[in-house]
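The block underneath contains the structure these notes are about, expressed in structure tokens.
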Amino acid sequence: MNLRKLCCIAASIGLLQSCIKDAPQNPEADITAFTVPKDQLTGDVFIDQTKRQVRLYLTDTAFKRGIVPTISVSNGAKVFPAPGDTLRFDSTGMGITGYTITPATGGQGKTYTVRVVGTGNWKFGFERWDTVSAEGASWKYVNPLADDGRNVWASGNIGIAITGVTEINDFPLHISNDAHDGKYAAIMETKPGNALSGWMGIHLFAGSLFMGNFVTDYLLENPLKCTQFGQPYRGMPSRFTGYYKYQPGATFQDKDGKPVPGTTDECSIYAVLYSGTSRLDATNILTSNRVVATAILTDGTAKADWTHFDIPFQNLSGKVVNLNEPVMLAIIASSSKDGDHYRGAVGSKLVLDNIEIVNE
Amino acid sequence: MLMAATQLFAQDNGQAQTNEFKPMLEHRILAGFNFGATAPVGLPNTIRKINGFWPEFSPSLGYELSYRATKKWGASVAVKLDYKGMGTKDEVQYFPTIITTSDGGRFEGDFTGKNQTTVRNAYVSFPISAVFTANDKWRFNLGGYVAWLFSSNFYGTVSDGYIRNGGSLGEKIIITEATFDFGTEVRSFDCGLQGGAAYRVGKRLSIDGNLNWGLRPIFPSDFKGMSFPMYNIYLTLGVTYKI
């Protein structure tokens with residue numbers, strides 16, 4: 001009888017196996033890699049899967065002559081136009097402005113636009129903002145653009161959207177109508193976590209704004225690697241200047257969300273110059289041996305009125321900029337300076353306006 | 001129906017009976033283990049591979065009262081404490097899931113990777129059967145059951161894969177390992193069909209096999225953590241002892 005039981009169980013497992021159906025076709029339509037020879041780049045190519053945008057950081061020569069990228073897509077998906085043609089950015093022709101990826105299932109795909117992000121000027125008034133959403137998504141958040149419309153800024157907002165936050169002003173980074181100059185400024189506000197982020201052990205979302213890009217890939221694994229800091233820079237920066245206001249939240253809390261009496265939250269504002277073309281992230285932005293110079297605001301305490309800062313870049317000992325080598329510069333601001341470790345006070349508000357990197 | 005059948009049978013066999021038969025009540029203790037699965041009927045194509053399957057410790061203990069109306073036909077009702085559980089390891093591709101949280105949060109995405117799930121739900125169940133006693137050795141029953149949940153577990157891990165926010169065109173998030181727990185979502189009421197056979201091996205002891213096939217998905221229809229309905233399909237193997 002026991003043998004019979006075993007046979008029964010074995011047979012039912014066998015039945016389950018035989019029920020496995022044919023593999024579904026791949027419904028994904030990603031550009032998984034967009035490769036350009038390294039000597040034509042001033043910064044690593046970034047594929048923004050939310051905005052469906054390929055951002056290129058090109059040398060002057062590459063910009064003038066055009067590039068021939070190698071494009072990898074999701075298994076079984078098709079690219080249009082076929083890669084292999086030269087992408088031209090000069091004023092002479094229309095050229096290719098994007099790629100449409102059709103998934104193996106043949107259904108709805110994605111169209112990626114290609115954008116060249118120039119180094120431009122390094123004065124930011126936070127007057128232009130972009131509203132970011134996705135087809136069919138219930139969330140919507142804002143992100144500042146450079147004064148000339150370049151996509152150089154990023155924040156943790158997309159990560160927070162994934163945990164279920166939907167309304168523009170519920171995101172830690174949004175628009176402030178209280179501006180030092182012009183109509184708008186950027187406001188970062190530390191927000192409480194939610195049930196979904198709690199599953200990941202995150203009980204606080206610090207407001208952040210940084211120069212660079214945000215990748216979602218490591219959101220669960222290691223969120224600090226999601227923040228890809230920095231944009232290509234030319235020359236040697238001398239000073240980091242701007243205006244800010246800061247109001248710490250009432251109760252400082254630790255990583256587990258428990259109040260820590262006697263501690264007051266502080267903001268952080270700093271800029272880092274480092275060598276190379278690949279981006280540093282929150283795990284190594286201040287510790288990497290590629291860091292050349294930093295400009296760090298030392299006073300992160302409350303400031304009720306607009307306060308001016310003017311911080312000289314200080315070279316790390318023994319580090320100098322080799323003008324022939326590519327360098328990148330990152331500006332990073334947060335309403336809770338330990339926000340990267342999920343410590344801070346809910347309600348801490350940092351307003352930032354008219355910031356500038358003054359070149360030598 | 002049952003009554004009519006019973007009467008018909010009684011008439012047919014009335015003449016053939018050698019001994020005089022008196023209708024009687026019978027009492028039995030039922031004990032056994034449940035083997036089976038809480039699973040979809042027909043696997044969806046998003047499930048690519050089953051790497052492991054094992055029964056959880058799922059005892060079943062109960063008491064059955066039966067009324068033997070004729071020598072061959074009768075009816076029974078029982079009350080049972082039924083644990084129904086299993087574990088499975090599988091691999092999925094583009095598996096849609098929607099997770100809602102108590103604070104109104106919602107995450108929707110397609111997962112590709114490995115999954116391990118453990119199910120162990122405890123029910124108080126009430127099977128009702130028509131009973132056919134074929135001979136001195138064999139006894140068959142067929143009917144239905146209703147069951148109320150009093151403890152639920154439905155949890156597991158997802159690993160070695162990624163989830164795409166909002167669907168297969170959304171942002172990719174790598175998952176090395178994450179846990180899930182849908183225990184509180186399991187429906188408190190289950191019902192279905194059941195039937196089986198018992199073979200007498202001693203004076204009062206029989207070996208018993210009974211298949212319980214749930215007809216109500218174990219999750220409510222507004223729960224989207226699993227994109228397909230899952231049913232309790234379990235075989236109780238054990239003994240019955242006539243008291």
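Just so we're clear, the structure is a prediction, and the values are computed from it rather than from any experiment. As a basis for the values below, the full set of heavy atoms in this structure was taken, side chains included, without hydrogen atoms, waters or symmetry mates. Lettering follows sequence order; numbering is per chain, from 1.
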By a 4.5 Å heavy-atom criterion (distance strictly below it), what part of [X] contacts chain B: side chain, backbone, both, or neither?
{"X": "A:Glu135", "result": "neither"}
{"X": "A:Ile101", "result": "neither"}
{"X": "A:Ala23", "result": "both"}

Q | B:Asn45 to A:Asp22 - nearest heavy-atom pair and separation | A |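 Answer, listing the atom of B:Asn45 first, then A:Asp22: CB-O, 3.5 Å.
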(Q) To check you understand the geometry: which heavy-atom pair defines the closest contact between B:Phe107 and A:Ile162, and what is its length? (A)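 So the minimum-distance heavy-atom pair works out to CD1-O, 3.2 Å.
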Q | Heavy-atom contacts under 4.5 Å, residues 172-181 of chain B to chain A | A |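 So the qualifying residues are B:Lys172, B:Ile173, B:Ile174, B:Ile175, B:Thr176.
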Q: Select all residues of residues 212-220 of chain A having any heavy atom within less than 4.5 Å of some heavy atom of chain B, and report them by number, or 'none'.
A: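 A:Thr216, A:Asp217, A:Tyr218, A:Leu219, A:Leu220 fall under the 4.5 Å cut-off.
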(Q) Can you list the residues of residues 189-202 of chain A that sit under 4.5 Å from chain B, counting heavy atoms only? (A)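 Result: A:Asn194, A:Ala195, A:Leu196, A:Trp199.
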Q. Could you state the interatomic distance from CD1 (A:Ile20) to CG (B:Asp90), rounded to the nearest 0.5 Å?
A.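 Between atom CD1 of A:Ile20 and atom CG of B:Asp90 there are 8.0 Å.
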Distance-only criterion, 3.5 Å: show the donor-acceptor pairs between side-chain atoms of residues 25-33 of chain A and protein atoms not counting sequence neighbours.
from	atom 1	to	atom 2	distance (Å)
A:Asn26	OD1	A:Glu28	N	2.8
A:Asn26	OD1	B:Tyr94	OH	3.4
A:Asn26	ND2	A:Asn75	O	3.2
A:Glu28	OE1	B:Tyr162	OH	3.1
A:Glu28	OE2	B:Tyr162	OH	2.8
A:Asp30	OD1	A:Lys110	NZ	2.7
A:Asp30	OD1	B:Arg164	NH2	3.0
A:Asp30	OD2	B:Arg164	NH1	2.7
A:Asp30	OD2	B:Arg164	NH2	2.8
A:Thr32	OG1	A:Ser72	O	3.1

Give a yes or no on whether [X] atom [atom1] has more than 12 heavy-atom contacts from other residues, nucleotides or ligands under 6.0 Å away.
{"X": "B:Trp213", "atom1": "CH2", "result": "no"}
{"X": "B:Phe140", "atom1": "CZ", "result": "yes"}
{"X": "A:Lys140", "atom1": "NZ", "result": "no"}

(Q) Tell me if a side-chain donor or acceptor on B:Arg48 pairs with a main-chain N or O of A:Lys21 at a distance below 3.5 Å. (A)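 Such a contact is found between B:Arg48 side chain and A:Lys21 backbone.
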